[in-house]
A.B. asks: 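First the structure, which I've put down as structure tokens, then a few questions once you've had a look.
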Amino acid sequence: MSETKTALVTGANKGIGYEIAAGLGALGYRVGVGARDEGRLGTAVEKLRSAGVDAFGVPLDVTGDRSVTEAAELVGRRAGRLDVLVNNAGISGPTGPGWVQDPTTLDLGVLRTVVETNVIGVIRVTNAMLPLLRRSASPRIVNVSSSVASLTRQADPDVEIGPVMAAYAPSKSFLNAVTVQYARRFTGTNILINAACPGLVATDFTGFQAPRTPEQGAATAIRLATLPDGGPTGSFFEDDGVIPW
């Protein structure tokens, strides 16, 4: 089995996910580029390779059991193990003016769709990749969350946390809670799992109306993906350190 470490990044064909893949590739990782749009996937892989990254495409729809199973099989064939999993794929769901999702009028179908991708999809992918992660000497899992997941910040009237988002924000709180449960389950193992907030990043997700670049948004996830043995686990981080739950 190759000594080169392998990472899989979901939703890596653009934005923050692409920059996480590029950053890990620059550190010498072989990078599986996970994406559901195969056209964009191919373009991203070619761009990464032209920058010197050892990248390969992984067709992956996190909401589909078969797609995720086939992705795990592909990574297994290409690399034999997985050292880093970054669960970056996520959606906000439709919003009204000002990005608002009003809980009093929220379409429950929107809520189900957001949770299916942002939470259930992460569980689906993580569990499918676990056999490969367990073959690594130092497996790392990073779940890309958001500061809007912080109940402490959401409940503090003195903290500017952005608009009411009754589907997206709770889905990330749910993701954080799941991250803690995985950390508890992995106690006594070499698997470290943490949640990362990229900050408000200028991507199509935000309509490119944000102060941070995708490269800046990728930094915390890359740091958590490359933690040394004995590093933190079951925590929630941004650039400045730990975010309160």
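The shown structure was predicted, so the numbers you read here are calculated from the model rather than taken from an experiment.
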A.B. asks: Does either side chain, that of Ser136 or that of Arg81, offer a donor lying less than 3.5 Å from an acceptor on the other one?
C.D. replies: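 There is no such pair (donor and acceptor under 3.5 Å, judged by atom type) between the side chains of Ser136 and Arg81.
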
A.B. asks: What about Trp245 and Phe237, same hydrophobic cluster or not, with Ile/Leu/Val/Met/Phe/Trp/Tyr joined at side-chain heavy-atom distances under 4.5 Å?
C.D. replies: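 Trp245 and Phe237: separate clusters.
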
A.B. asks: Ignoring hydrogens and angles, tell me if any N or O in the side chain of Asp83 forms a donor-acceptor pair with the backbone of Pro139 under 3.5 Å.
C.D. replies: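 Answer holds: no.
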
A.B. asks: Can we say Arg112 and Asp107 salt-bridge, meaning some charged N sits less than 4.0 Å from an Asp/Glu carboxylate O?
C.D. replies: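 Not counted as a salt bridge, because no side-chain N and carboxylate O are separated by less than 4.0 Å.
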
A.B. asks: Going by atom types alone, do Thr220 and Asp239 pair a side-chain donor with an acceptor below 3.5 Å?
C.D. replies: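 Yes, because at least one side-chain N or O of Thr220 sits under 3.5 Å from a partner of the opposite role on Asp239.
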
A.B. asks: Does a donor on one side chain and an acceptor on the other come within less than 3.5 Å for Thr104 and Asp102?
C.D. replies: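 Yes, a side-chain donor-acceptor pair sits under 3.5 Å.
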
A.B. asks: I need the full list of ring pair (Phe, Tyr, Trp, His ring centres under 6.0 Å) pairs touching residues 169-201, with sequence neighbours left out, sorted by first then second residue.
C.D. replies: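 Every ring pair (Phe, Tyr, Trp, His ring centres under 6.0 Å) pair that includes a residue of residues 169-201, provided the two are not neighbours, is Tyr182-Phe186.
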
A.B. asks: Nearest 0.5 angstrom please: Asp37 CG to Leu60 CG, how far?
C.D. replies: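 Between atom CG of Asp37 and atom CG of Leu60 there are 12.5 Å.
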
A.B. asks: Donor-acceptor pair, distance only, cut-off 3.5 Å: does the side chain of Asn88 make one with the backbone of Gly11?
C.D. replies: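 Flag set: sc Asn88 to bb Gly11 pair under 3.5 Å.
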
A.B. asks: Considering residues, nucleotides and ligands other than Glu38, do more than 12 of their heavy atoms fall under 6.0 Å from its CD?
C.D. replies: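 Incorrect, the count does not exceed 12.
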
A.B. asks: Considering non-hydrogen atoms only, spot the tightest contact between Pro59 and Leu41 and give its length.
C.D. replies: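 Shortest heavy-atom contact: N-CD2, 3.7 Å.
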
A.B. asks: Do Val115 and Val180 belong together in a cluster built from hydrophobic side chains that touch within less than 4.5 Å?
C.D. replies: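 Looking at the clustering, Val180 is in a separate group from Val115.
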
A.B. asks: If you compare all heavy atoms of Trp99 against all heavy atoms of Pro163, which two are closest, and at what distance to 0.1 Å?
C.D. replies: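 So the two residues come closest at CB-CG, 3.9 Å.
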
A.B. asks: Just checking Arg184: does its CZ atom have more than 12 heavy atoms from other residues, nucleotides or ligands closer to it than 6.0 angstrom?
C.D. replies: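 Count not over threshold, so no.
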
A.B. asks: Walk me through whether Thr226 and Leu24 qualify under side chain to side chain contact (heavy atoms under 4.5 Å, CB included).
C.D. replies: CA-CA 9 Å; Thr226 56; Leu24 290 172; 4.0 Å; yes

A.B. asks: Rounded to the nearest 0.5 Å, what separation is found between the OG atom of Ser173 and the CG atom of Asn118?
C.D. replies: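 Interatomic distance, Ser173 OG to Asn118 CG, rounded to 0.5 Å: 11.0 Å.
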
A.B. asks: Just so I know, are the side chains of Leu130 and Ile191 near enough to count as touching, which here means a heavy-atom distance under 4.5 Å?
C.D. replies: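 Yes, side chains in contact.
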
A.B. asks: Check Val110 against Gly93 and note the closest heavy-atom contact, atom names and distance.
C.D. replies: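 Scanning both residues completely, I find the closest heavy atoms to be CG1-CA, 4.4 Å.
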
A.B. asks: Side chain to side chain contact (heavy atoms under 4.5 Å, CB included) for Thr43 and Lys47? Distances and angles first, verdict last.
C.D. replies: CA-CA 6 Å; Thr43 299; Lys47 185 178 177 182; 5.6 Å; no

A.B. asks: Do you know which two heavy atoms are closest between Asn194 and Gly234, and how far apart they sit?
C.D. replies: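 Scanning both residues completely, I find the closest heavy atoms to be OD1-N, 3.2 Å.
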
A.B. asks: I need the single residue from Leu192, Val144, Ile141, Val142 that forms a side-chain contact (heavy atoms from CB on, under 4.5 Å) with Leu224. Which is it?
C.D. replies: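 For Leu224, the side-chain contact (heavy atoms from CB on, under 4.5 Å) test succeeds with only one of Leu192, Val144, Ile141, Val142, which is Val142.
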
A.B. asks: Could you grab the distance from atom SG of Cys197 to atom NZ of Lys172, nearest 0.5 Å is fine?
C.D. replies: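 One finds 10.0 Å between SG of Cys197 and NZ of Lys172.
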
A.B. asks: Is the backbone N or O of Ala218 less than 3.5 Å from a side-chain atom of Glu19, with the two atoms forming a donor-acceptor pair by type?
C.D. replies: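 Checked: no pair found.
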
A.B. asks: Please check this pair: side chain of Thr117 against backbone of Val114, looking for a donor-acceptor N/O pair closer than 3.5 Å.
C.D. replies: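 No, Thr117 side chain to Val114 backbone: no donor-acceptor pair under 3.5 Å.
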
A.B. asks: Would Val58 end up clustered with Ile123 when hydrophobic side chains under 4.5 Å apart are linked, directly or stepwise?
C.D. replies: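 Yes, it is one cluster - the side chains of Val58 and Ile123 are joined through contacts under 4.5 Å.
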
A.B. asks: For Glu116, what residues pass the salt bridge (Lys or Arg N to Asp or Glu O under 4.0 Å) criterion, not counting sequence neighbours?
C.D. replies: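 Listed in chain order: Arg124.
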
A.B. asks: For Val62, is there any backbone N or O sitting under 3.5 Å from a side-chain donor or acceptor partner on Arg36?
C.D. replies: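 Side chain of Arg36 to backbone of Val62: no pair is present.
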
A.B. asks: Quick check on the hydrophobic clustering: are Ile243 and Met165 connected, directly or via other members, by side-chain heavy-atom contacts under 4.5 Å?
C.D. replies: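 No; tracing contacts between hydrophobic side chains, which count when under 4.5 Å, never links both residues.
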
A.B. asks: Looking at every heavy atom in both Ser146 and Phe236, which two are closest together, and how far apart are they?
C.D. replies: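 Looking at all heavy atoms of both residues, the shortest contact is O-CZ, 3.1 Å.
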
A.B. asks: Output side-chain donor-acceptor pairs under 3.5 Å for residues 69-78, partner residues at least two apart or in another chain, one line each.
C.D. replies:
from	atom 1	to	atom 2	distance (Å)
Thr69	OG1	Asp65	O	3.0
Glu70	OE2	Arg66	NE	2.9

A.B. asks: Output the distance between atom OG (Ser235) and atom CD1 (Ile193), rounded to the nearest 0.5 Å.
C.D. replies: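 Ser235 atom OG to Ile193 atom CD1 measures 11.5 Å (nearest 0.5 Å).
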
A.B. asks: Listing request: all side chain to side chain donor-acceptor pair (under 3.5 Å) pairs with a residue in residues 50-62, at least two apart in sequence or in separate chains.
C.D. replies: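 Every pair satisfying side chain to side chain donor-acceptor pair (under 3.5 Å) with a residue in residues 50-62: Asp61-Thr63.
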
A.B. asks: Nearest 0.5 Å, please: how far is CG in Leu175 from CG in Asn143?
C.D. replies: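 Interatomic distance, Asn143 CG to Leu175 CG, rounded to 0.5 Å: 5.0 Å.
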
A.B. asks: Ala166 and Leu111: which non-hydrogen atoms are nearest, and at how many Å?
C.D. replies: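 Distance-wise, the nearest heavy atoms are O-CD1, 4.2 Å.
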
A.B. asks: Pairs in or reaching into residues 149-163: which pass side chain to side chain donor-acceptor pair (under 3.5 Å), with residues at least two apart or in two chains?
C.D. replies: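 Those involving residues 149-163 are Arg153-Glu238.
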
A.B. asks: For residues 14-64, pull every pair meeting ring pair (Phe, Tyr, Trp, His ring centres under 6.0 Å), keeping only residues two or more places apart or in separate chains.
C.D. replies: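 Ring pair (Phe, Tyr, Trp, His ring centres under 6.0 Å) check on residues 14-64 returns no pairs.
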
A.B. asks: Decide side chain to side chain contact (heavy atoms under 4.5 Å, CB included) for Arg140 and Leu227; before the verdict, give the C-alpha distance in whole Å, the side-chain angles of both, and the deciding distance to 0.1 Å.
C.D. replies: CA-CA 8 Å; Arg140 306 289 180 259; Leu227 285 172; 4.0 Å; yes

A.B. asks: Would you check if the side chain of Thr10 reaches a backbone N or O of Ala89 as a donor-acceptor pair within less than 3.5 Å?
C.D. replies: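 Judged by distance alone, yes, a pair lies under 3.5 Å.
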
A.B. asks: Between Leu27 and Ile20, is there a shared hydrophobic cluster once you connect ILVMFWY residues whose side-chain heavy atoms come closer than 4.5 Å?
C.D. replies: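 Yes.
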
A.B. asks: What distance do Ile91 atom CD1 and Thr113 atom OG1 have between them, rounded to the nearest 0.5 Å?
C.D. replies: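 The CD1 atom of Ile91 sits 6.0 Å away from the OG1 atom of Thr113.
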
